[in-house]
Amino acid sequence: MEDWMLQPPRGMNDWTPDKYYSLMSIARRFSTVAESFGYSAIETPALEHLEVLKAKAGEEVINEIYYLRDKAGRELGLRFDMTVPVARVLSYRRDFPRPIRLYYVSKVWRYDEPQFGRFREFYQFGVEHVGSPTVQSDAEVLALAVKALEAVNLPQLTVRVSDRRIMDQVLEKLGINAARDAVLRVLDKRGKVPDEELVRLLVKEGVEEGKAKYLVDLAGVNTPIGESIDELRRLGISDQLINYFESLSKTLTHYNVADRVRLDLSIVRGLDYYTGFVFELYTDRIKLAVGGGGRYDELLRIYSGEDVPAVGFAIGIERVMLALGELGDSQPPVDFYIYPMGPEQYGVGVRIAENLRGMGFRVVLDVGKPSLRSALEYASKIRARKFIIIGRREMENNVARVRDLETWSEEDVPLNRLLKQ
RNA sequence: GCCCCGGUAGUGUAGCCUGGUACAACACGCGGGCCUGUGGAGCCCGUAACCCGGGUUCAAAUCCCGGCCGGGGCCCCA
């Protein structure tokens, strides 16, 4: 076999136990937080009908879909997020009482060029909160995301929130006809390219220079959510929206997460389907966002035909792991390693192993290492805590020799203690 | 779509700039021995590699070209 074939496909990872346990422990903590908010787990097929995926994806995302034709000629694609499959499921399960609270820890696939923190196959933890249009829903979802990341001790977590409606209102007020998406796209570059360059790009999109400068200034807004109201008033945002942000801020304060949240009007989040509140999750450990989300009240219509309000987020678990460094959990140790000296003692070994397993211990039974020495060495390497020797001498006295691999001490333990029910 | 870097035993590295001193070194791993029921340490022995194809040269892991593969940056995103 060629060497390159032995590596996983580009952009994908082999989750060997040494790494997989940190991933699972993070996933478990996330799930625990989601369930504490009353969210239920959902999973769907990795493959979807290509048309279902295309219906939501923008032009750029379509190019990132892994697709294939099955033996019956069906065109299928691997899901690139969980929002689409969940929307599809909800479109035929109208019986779920609303609002529907779902969470997932699932693999998704995107045919991107791999880079730091960017993979072709990766895990997302996320929630979909479907059926409620209220500010309370937005706050709940944002708070859940923050609590989840706090539960894995992600350092220096900050949330940047914005709202599609703010820019929409401003654009309308200024009478700017240029394509909204194009303008948002330019403003999204703020911080990466100089402001003067942004102005120039906006002018190129057909925006007058004065208005362009105002827009760039606007995108520069970055204040703690608690102090954002005055800022929004100054910008001439409608009372309705200001009230929204006031309640959002207040509710986040009650959740005790407001101090992590900033209003940052340069946050745009893609081009596709967000209709209101949007947010991105950052840590100072890595440059990339570890997650993001927002409200998409019109997305469900694609599948169900009716507008259903919805809000959600997704967190990239590998990115969280990168940000945490080596802090994750490792493979758990083995509690007992049982070594019968010979075939005559193997039966007793099985019975002891089964009894200890029944008590909840992790037990490895030797399957025929050549010598006691090498079995001991092996047990030490797999981080076994105790090593049980059963040989002729022990059997004659109805005991087993129990060696503590951590303290290097040894004692005889009566067999009936190891075999008691 | 554009740009940069890299590819040496199973793994991680050294050597490459300044071609020959190297049947390529070190660590971990793996196999065995010292050691016949136990210090899992230590020592010894063994195992196993220069991505592929051309070129330059008396001589290439080392320089040049192409390919394949990988990593990272821009863009975009989790």
Side-chain angles (χ1 to χ4, degrees), chain A residues 2-14 16 18 30 57-64 79-83 104-126 145 149 184-186 188-189 192-193 267-272 274 279-283 286-294 312-323 337 339-342 345 366 369-396 400-410:
Chain A
E2 313 286 329
D3 277 359
W4 59 268
M5 286 184 186
L6 301 179
Q7 299 306 312
R10 185 163 157 83
M12 303 190 181
N13 294 302
D14 286 324
T16 45
D18 45 323
F30 284 165
E59 199 61 44
E60 290 202 359
V61 181
I62 287 177
N63 292 328
E64 295 182 358
R79 63 186 180 211
F80 51 81
D81 71 11
M82 280 301 284
T83 305
Y104 54 83
V105 173
S106 298
K107 274 183 179 174
V108 300
W109 294 265
R110 293 183 197 175
Y111 198 90
D112 261 357
E113 281 312 305
Q115 267 174 44
F116 178 81
R118 194 165 85 183
F119 308 97
R120 288 185 172 177
E121 175 182 76
F122 59 99
Y123 283 91
Q124 284 192 331
F125 161 68
L149 291 170
L184 291 180
R185 189 167 196 158
V186 171
D188 188 38
K189 295 186 197 301
K192 292 169 187 166
V193 294
I267 296 295
V268 171
R269 284 206 57 68
L271 306 165
D272 302 333
Y274 290 105
F279 66 95
E280 294 187 346
L281 303 155
Y282 287 90
T283 162
I286 59 174
K287 216 176 101 189
L288 301 159
V290 296
F313 70 79
I315 288 172
I317 299 186
E318 289 86 345
R319 289 192 178 176
V320 171
M321 291 176 72
L322 285 170
Y337 190 99
Y339 183 81
M341 293 299 301
Q345 291 88 34
D366 191 278
K369 273 278 170 188
S371 69
L372 174 54
R373 171 185 305 280
S374 58
L376 206 48
E377 192 170 331
Y378 175 77
S380 173
K381 276 178 187 153
I382 63 171
R383 297 195 304 136
R385 293 195 166 111
K386 308 235 179 192
F387 190 94
I388 299 181
I389 302 164
I390 312 159
R392 190 179 308 263
R393 294 207 294 257
E394 285 76 15
M395 292 296 281
E396 280 165 9
R401 195 92 178 125
V402 177
R403 183 175 183 84
D404 189 313
L405 293 176
E406 283 156 354
T407 64
W408 296 60
S409 61
E410 223 174 74

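In what follows, every chain begins at residue 1, and chains take the letters A, B, ... in the order their sequences are listed. Quick caveat, the model's predicted, so the values are computed rather than measured.
- Partner assigned to B/G37 is none, using Watson-Crick or G-U wobble distances below 3.5 angstrom.
- Among the heavy atoms of the strands lying under 4.0 Å from A/Glu394 is at least one base atom, whether or not backbone atoms are also near.
- Pair check for B/A59 finds none; no Watson-Crick or G-U wobble contact set falls under 3.5 Å.
- With B/G71, B/C35, B/A78 as the choices, the nucleotide that has an atom nearest any side-chain atom of A/Phe122 turns out to be B/A78.
- Within the 4.0 angstrom heavy-atom criterion, base atoms lie near A/Gly117.
- Contact check, A/Lys287 against B/G72: no side-chain N or O comes under 4.0 Å of OP1 or OP2.
- As judged by a 4.0 angstrom heavy-atom cut-off over every strand, A/Leu405 is placed among the base-contacting residues.
- Taking atom C1' on both B/C34 and B/C5, the two are 48 Å apart, rounded to the nearest angstrom.
- Here A/Gln124 does not reach the OP1 or OP2 of B/A78: none of its side-chain N or O atoms lies under 4.0 Å away.
- No side-chain donor-acceptor contact under 3.5 Å links A/Arg120 to the backbone of A/Met12.
- Across the C1' atoms, B/U11 and B/C74 are found 33 Å apart, a figure rounded to whole Å.
- Considering A/Val402, A/Asp404, A/Leu372, A/Asp366 in turn, A/Leu372 is the only one that fulfils the side-chain contact (heavy atoms from CB on, under 4.5 Å) rule with A/Phe387.
- B/C68 sits 39 Å from B/C45 when the C1' atoms are compared, rounded to a whole Å.
- Note: CG (A/Asp366) to C1' (B/G40) measures 14 Å, nearest angstrom.
- Contact annotation for A/Glu410: base contact, defined as any heavy-atom pair under 4.0 Å involving a base atom.
- A 3.5 Å limit on both hydrogen-bonding distances identifies B/C74 as the Watson-Crick or G-U partner of B/G1.
- B/G1 and B/C75 have their C1' atoms separated by 9 Å, with the value rounded to a whole Å.
- Here A/Ile317 contributes atom CD1 and A/Phe119 contributes atom CZ; the two are 12.0 Å apart, rounded to the nearest 0.5 Å.
- Annotation: of the two residues near RNA chain B, A/Lys381 and A/Ala384, the 5′-most nearest-nucleotide partner is A/Lys381.
- Judged by atom type and distance alone, A/Arg110 does not reach the base of B/C76 through any side-chain donor-acceptor pair under 3.5 Å.
- At a threshold of 4.0 angstrom between heavy atoms, the contacts of A/Phe125 with the nucleic acid are absent.
- With RNA chain B read from its 5' end, the first of the two nearest nucleotides for A/Val290 and A/Pro9 is the one closest to A/Pro9.
- Closest to the A/Glu377 side chain, of the nucleotides B/G40, B/C75, B/G37, is B/G40.
- Rounded to whole Å, atom P of B/G71 lies 11 Å from atom CE of A/Met12.
- Among the protein residues, A/Phe116 comes within range of the sugar-phosphate backbone only, with heavy atoms under 4.0 Å from sugar or phosphate atoms but none that close to a base.
- With salt bridges taken as basic N to acidic carboxylate O contacts below 4.0 Å, one links A/Glu377 and A/Lys381.
- Using atom P as the reference point in both B/G46 and B/A60, the two lie 29 Å apart (nearest Å).
- Within the nucleic acid shown, A/Ile317 has no heavy atom closer than 4.0 Å to any nucleic acid atom.
- Distance check on atom C1': B/A9 versus B/C4 gives 29 Å, rounded to whole Å.
- Whole-Å rounding puts the A/Glu280 CD to B/A78 P distance at 8 Å.
- For A/Leu372 and B/G39, the CG to P distance is 8 Å, given to the nearest whole Å.
- The interatomic distance linking A/Ile286 (CD1) with B/G72 (C1') rounds to 15 Å, in whole Å.
- Distance from the side chain of A/Phe119 is smallest to B/A78 among B/G40, B/A78, B/G37.
- Note on A/Arg403: every side-chain N or O is 4.0 Å or more away from OP1 and OP2 of B/G39.
- Across the P atoms, B/G55 and B/G10 are found 28 Å apart, a figure rounded to whole Å.
- Salt bridge status for A/Glu113 with A/Arg10: present, with a side-chain N to carboxylate O gap under 4.0 Å.
- For the pair A/Trp408 and B/G39, the ring geometry does not qualify as stacking, because the centroid separation below 5.5 Å and plane angle under 30° are not jointly satisfied.
- Base pairing analysis places B/C68 opposite B/G7; the two distances defining the Watson-Crick or G-U wobble pair are each below 3.5 Å.
- One finds no salt bridge joining A/Arg401 and A/Glu394 here, because no Lys/Arg side-chain nitrogen approaches an Asp/Glu carboxylate oxygen to under 4.0 Å.
- Pair assignment for B/G29: B/U47, on the basis of Watson-Crick or G-U wobble contacts that are both within less than 3.5 Å.
- Distance OH (A/Tyr282) to P (B/C77): 10 Å, rounded to an integer number of Å.
- Between A/Glu318 atom CD and B/C77 atom C1' the separation is 14 Å, expressed in whole Å.
- Between A/Arg385 atom CZ and B/G40 atom C1' the separation is 17 Å, expressed in whole Å.
- Of the nucleotides present, none pairs with B/C23 by Watson-Crick or G-U wobble criteria with both distances under 3.5 Å.
- Not one N or O on the side chain of A/Arg403 forms a donor-acceptor pair closer than 3.5 Å with the backbone of A/Ile389.
- Rounding to the nearest 0.5 Å places NZ of A/Lys107 at 6.5 Å from CH2 of A/Trp109.
- Annotation: B/G29 and B/A24 have their P atoms spaced 23 Å apart (nearest Å).
- With B/U38, B/G71, B/C35 as the candidates, the nucleotide lying closest to the side chain of A/Ile389 is B/U38.
- Side chain of A/Asp112, nearest nucleotide from B/C76, B/C35, B/U38: B/C76.
- Remark: the backbone N or O of A/Tyr123 is paired with a side-chain donor or acceptor of A/Glu318 at under 3.5 angstrom.
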